[in-house]
Student: 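Got a structure for you, questions after.
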Amino acid sequence: MLPYLIHASEKAIPLTSLDKARLPEWLAEQSLEVASWVTANGFTGEAGQICPLPGPSGALCGFLVALDREDPWAVSALPGRLPAGVYGFTETLAPRAANQTALGWMLGTYGFNRYKAKPERVWPHLVWPAAADRAWVERTYETTVLVRDLINTPAADLGPLELAAAAKALAARHDAAVTLTVGEDLLTENYPAIHAVGRAASAARQPRLIDLCWGDPQAPRLTLVGKGVCFDSGGLDLKPSSSMKTMKKDMGGAAHALGLAAWVMAAQLPVRLRVLIPAVENAVSADAMRPLDVLSTRKGVTVEIGNTDAEGRLILCDALWEAVQEKPALLIDLATLTGAARTALGTDVPVFFSNDEALAADMTRVGLAEAEPVWRLPLHRPYRRLLDSKVADLNSAPDSPYAGAIIAALFLQEFVPNTIPWLHFDIMAWNTSARPGRPEGGEAMGLKALAALIVEKFTKT
């Protein structure tokens, strides 16, 4: 039950949404007094404007709100601008618009308040739009909050141990199973790259592989892999302070994997779900991996360390090689992997790669349909030569300053056979500034699009 959406209210304050094109027609239908009032208040239908409407006795009888219905975040500004009360839209919304309206309203109330002493503000409530799919809205809101809260939690309170606890809590809610491989057991069980990246952390923050399973073992297999670097100092190739400041978000891929898993389980999709999260802290100590060290991997491929700050691909390669052993029908990995992806597309648009043309086309199409655009970059094979090492099978981070996101994706592709449909997402997982419904801090990026793609792939009749 979402706290700021209610089933019905006879006393709901009407919200009439207009844009510049529809405003003249609406004004022509009103009394001279109302039309004059709206004009005198400077309401022109420009997106974001609000105008209170007086009733016959002068009491408030509603609000005009100027919304761009093509913008899924337009409604998110309203809870912060309207006074406390219960509101309802006067227009009849189509199902997709109704879903986006309800979700946008709820996300407009989001704040990460775990460490704040002041009480939460009183938010206005919205009557559910009639055509809204309430189950979809609830699970999309709740999983978005899960992703944001995990990313926003400081690394002191969300290390590998706490990330595993979050996975266990999620599993308990959905009758899923979680297996952990921790510390030196990673070597025993042949996850050497995960161990190498995380071994420099303290005993309380030992590296681990989180393995969550849910659903009918005979159902088609969906496997999610999430990068769980709970804090990234850069290792011995230490990050400057400006780059290290937001590195609590470097487990954003893991947060997305857990959020997407929560969505799938809440929707009871007919899949055998597996979530693999290598959870580490990339720390500095006498035991830290060094530049030009050579590591082994679960696949048996050796890797020369080009840069200790390119640790995400190392932990992912072990998890991916484990994932492909079960030959999933769809494999998705999510990671805050490269600054190069942000340079290419900025902070809002997630980069993705795929080894399957039809799957990539579907991902692009669904992203646009869900108003969550994602953009494909190529797995350009001629760049594969840059991963060659003189002393090992691969170099983890070549010295080339170009095509960093592509080179990282090509590295991961070495651990994914072409026979397995694969999506690799290189995401920001962070809002660099506040906008309606999207406060500065952790962000779920591409979650709705990926959920829609999974529904499409696994529920076709």
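These values consider heavy atoms only, across backbone and side chains, with no hydrogens, waters or symmetry-generated copies. Everything quoted here is computed from the prediction, not taken from an experiment.
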Student: Begin with the C-alpha distance, continue with both residues' side-chain angles, and end with the deciding distance and a verdict on side chain to side chain contact (heavy atoms under 4.5 Å, CB included) for Trp422 and Leu359.
Tutor: CA-CA 8 Å; Trp422 170 54; Leu359 176 62; 5.9 Å; no
Student: Taking the side chain as every heavy atom from C-beta outward, state whether Ile332 and Ile454 have any pair of such atoms under 4.5 Å apart.
Tutor: yes
Student: Can you say whether the rings of Phe425 and Phe352 are parallel (under 30°), tilted (30 to 60°) or perpendicular (over 60°)?
Tutor: parallel
Student: If we ignore angles and hydrogens, is there a donor and acceptor under 3.5 Å between the side chains of Arg121 and Thr109?
Tutor: no
Student: Tell me whether Arg199 contacts the main-chain N or O of Asp287 through its side chain, where contact means a donor paired with an acceptor under 3.5 Å.
Tutor: yes
Student: To the closest 0.5 Å, what do you measure between CD1 (Ile407) and CG (Leu412)?
Tutor: 12.5 Å
Student: Taking Lys448 first and then Glu370, would you say they form a salt bridge - that is, a charged N and a carboxylate O separated by under 4.0 Å?
Tutor: no
Student: His195: which residues meet the ring pair (Phe, Tyr, Trp, His ring centres under 6.0 Å) condition with it, sequence neighbours left out?
Tutor: none
Student: Could you name each residue pair satisfying salt bridge (charged side-chain N to carboxylate O under 4.0 Å, His left out) that touches residues 243-272, not counting sequence neighbours?
Tutor: Lys227-Asp250
Student: Does any non-hydrogen side-chain atom of Ser233 lie less than 4.5 Å from one of Leu238?
Tutor: yes
Student: Under the side chain to side chain contact (heavy atoms under 4.5 Å, CB included) rule, what do Tyr115 and Thr153 come out as? Steps first, then yes or no, please.
Tutor: CA-CA 9 Å; Tyr115 300 95; Thr153 301; 3.9 Å; yes
Student: Is the backbone of Asp185 close enough, under 3.5 Å, to the side chain of Thr181 for a donor and an acceptor to pair up by distance?
Tutor: no
Student: Over all heavy atoms of both residues, which pair between Ala341 and Ala405 is shortest? Give the atoms and the distance, please.
Tutor: N-CB, 3.9 Å
Student: Checking the side chain of Asp293 only, and the main-chain atoms of Arg290 only, is there a donor and an acceptor separated by less than 3.5 Å?
Tutor: yes
Student: Assess the side chains of Asp393 and Thr302: does a donor N or O sit below 3.5 Å from an acceptor N or O?
Tutor: yes
Student: Could you go step by step and tell me if Glu142 and Arg173 meet the salt bridge (Lys or Arg N to Asp or Glu O under 4.0 Å) rule?
Tutor: CA-CA 13 Å; Glu142 289 169 358; Arg173 289 197 295 273; over 6 Å; no
Student: Can you see which heavy atom on Ile210 is nearest to which on Ala167, and at what distance?
Tutor: CG2-CB, 3.7 Å
Student: Would you name the heavy atoms of Pro439 and Tyr110 that are closest together and state the gap between them?
Tutor: CG-CD2, 3.7 Å
Student: Are more than 12 heavy atoms, taken from residues, nucleotides or ligands other than Asp399, located less than 6.0 Å from that residue's CG atom?
Tutor: no
Student: Applying salt bridge (charged side-chain N to carboxylate O under 4.0 Å, His left out), name anything that partners Glu70, two or more places apart in sequence or on another chain.
Tutor: none
Student: Do any N or O atoms from the side chain of Ser285 and from the backbone of Ala200 form a donor-acceptor pair under 3.5 angstrom?
Tutor: yes
Student: Could you check whether Asp133 and Asn99, counting side-chain N and O atoms only, form a donor-acceptor pair closer than 3.5 Å?
Tutor: no
Student: Quick one: list whatever passes salt bridge (charged side-chain N to carboxylate O under 4.0 Å, His left out) with Asp237, sequence neighbours left out.
Tutor: none
Student: Evaluate whether atom CG of Asp216 has more than 12 neighbouring non-hydrogen atoms of other residues, nucleotides or ligands under 6.0 angstrom away.
Tutor: yes
Student: Hey, does the side chain of Thr143 reach the backbone of Thr140 with a donor-acceptor pair shorter than 3.5 angstrom?
Tutor: yes
Student: Between CZ of Arg205 and CG of Leu158, what distance do you get to the nearest 0.5 Å?
Tutor: 8.0 Å
Student: My understanding is that only residues two or more places apart in sequence, or in another chain, count here; which of them pass salt bridge (charged side-chain N to carboxylate O under 4.0 Å, His left out) with Arg385?
Tutor: none
Student: Please enumerate all residues that pass side chain to side chain donor-acceptor pair (under 3.5 Å) together with Asp309, with sequence neighbours excluded.
Tutor: Lys239
Student: Can you name the nearest heavy-atom pair linking Glu372 to Leu447, along with the distance?
Tutor: OE1-N, 3.4 Å
Student: Search all heavy atoms of Ala98 against all heavy atoms of Ala131 and return the closest pair with its distance.
Tutor: CB-C, 3.8 Å
Student: Any sub-3.5 Å donor-acceptor pair from Asn152's side-chain atoms to Gly441's backbone N or O?
Tutor: no
Student: Can you list the residues that meet the ring pair (Phe, Tyr, Trp, His ring centres under 6.0 Å) rule with Phe411, with sequence neighbours excluded?
Tutor: Phe415
Student: Got a list of side-chain donor-acceptor pairs under 3.5 Å for residues 312-320, not counting sequence neighbours?
Tutor:
{"unit_1": "Arg313", "atom_1": "NH1", "unit_2": "Ser396", "atom_2": "O", "d": "2.9"}
{"unit_1": "Asp318", "atom_1": "OD1", "unit_2": "Arg298", "atom_2": "N", "d": "2.7"}
{"unit_1": "Asp318", "atom_1": "OD2", "unit_2": "Ala193", "atom_2": "N", "d": "2.8"}
{"unit_1": "Asp318", "atom_1": "OD2", "unit_2": "Ile194", "atom_2": "N", "d": "3.2"}

Student: Given Glu443, which of Arg148, His256, Arg438 fulfils the side-chain hydrogen bond (donor to acceptor under 3.5 Å, both in side chains) condition?
Tutor: Arg148
Student: Indicate yes or no for a side-chain donor-acceptor contact from Asp232 to the backbone of Gly234 under 3.5 Å, with no hydrogens or angles considered.
Tutor: yes
Student: List the steps and the verdict of side chain to side chain contact (heavy atoms under 4.5 Å, CB included) for Met251 and Ile151.
Tutor: CA-CA 7 Å; Met251 40 61 65; Ile151 297 171; 4.3 Å; yes
Student: Taking all non-hydrogen atoms of both residues, which atom of Leu334 and which atom of Leu450 are closest, and how far apart?
Tutor: CD2-CD1, 3.7 Å
Student: Taking side chain to side chain donor-acceptor pair (under 3.5 Å) as the test, write out the residues that go with Tyr402, two or more places apart.
Tutor: none
Student: Residues in ring pair (Phe, Tyr, Trp, His ring centres under 6.0 Å) with Tyr383, at least two apart?
Tutor: His380
Student: Checking side chain to side chain contact (heavy atoms under 4.5 Å, CB included) for the pair Val264/Trp214: CA distance, chi angles, key distance, verdict?
Tutor: CA-CA 10 Å; Val264 168; Trp214 173 87; 4.2 Å; yes
Student: Restricting to ring pair (Phe, Tyr, Trp, His ring centres under 6.0 Å), what partner residues turn up for His174, sequence neighbours left out?
Tutor: none
Student: Given 3.5 Å as the limit, does a donor-acceptor pair link the side chain of Arg96 with the main chain of Ala94, or not?
Tutor: no
Student: Salt bridge (charged side-chain N to carboxylate O under 4.0 Å, His left out) with Asp211: which residues, sequence neighbours excluded?
Tutor: Arg274
Student: Answer yes when Arg384 and Glu414 have at least one side-chain N-carboxylate O distance shorter than 4.0 Å, and no when they do not.
Tutor: yes
Student: Ring-plane angle category for Trp105 and Phe89, please: parallel below 30°, perpendicular beyond 60°, tilted otherwise.
Tutor: perpendicular
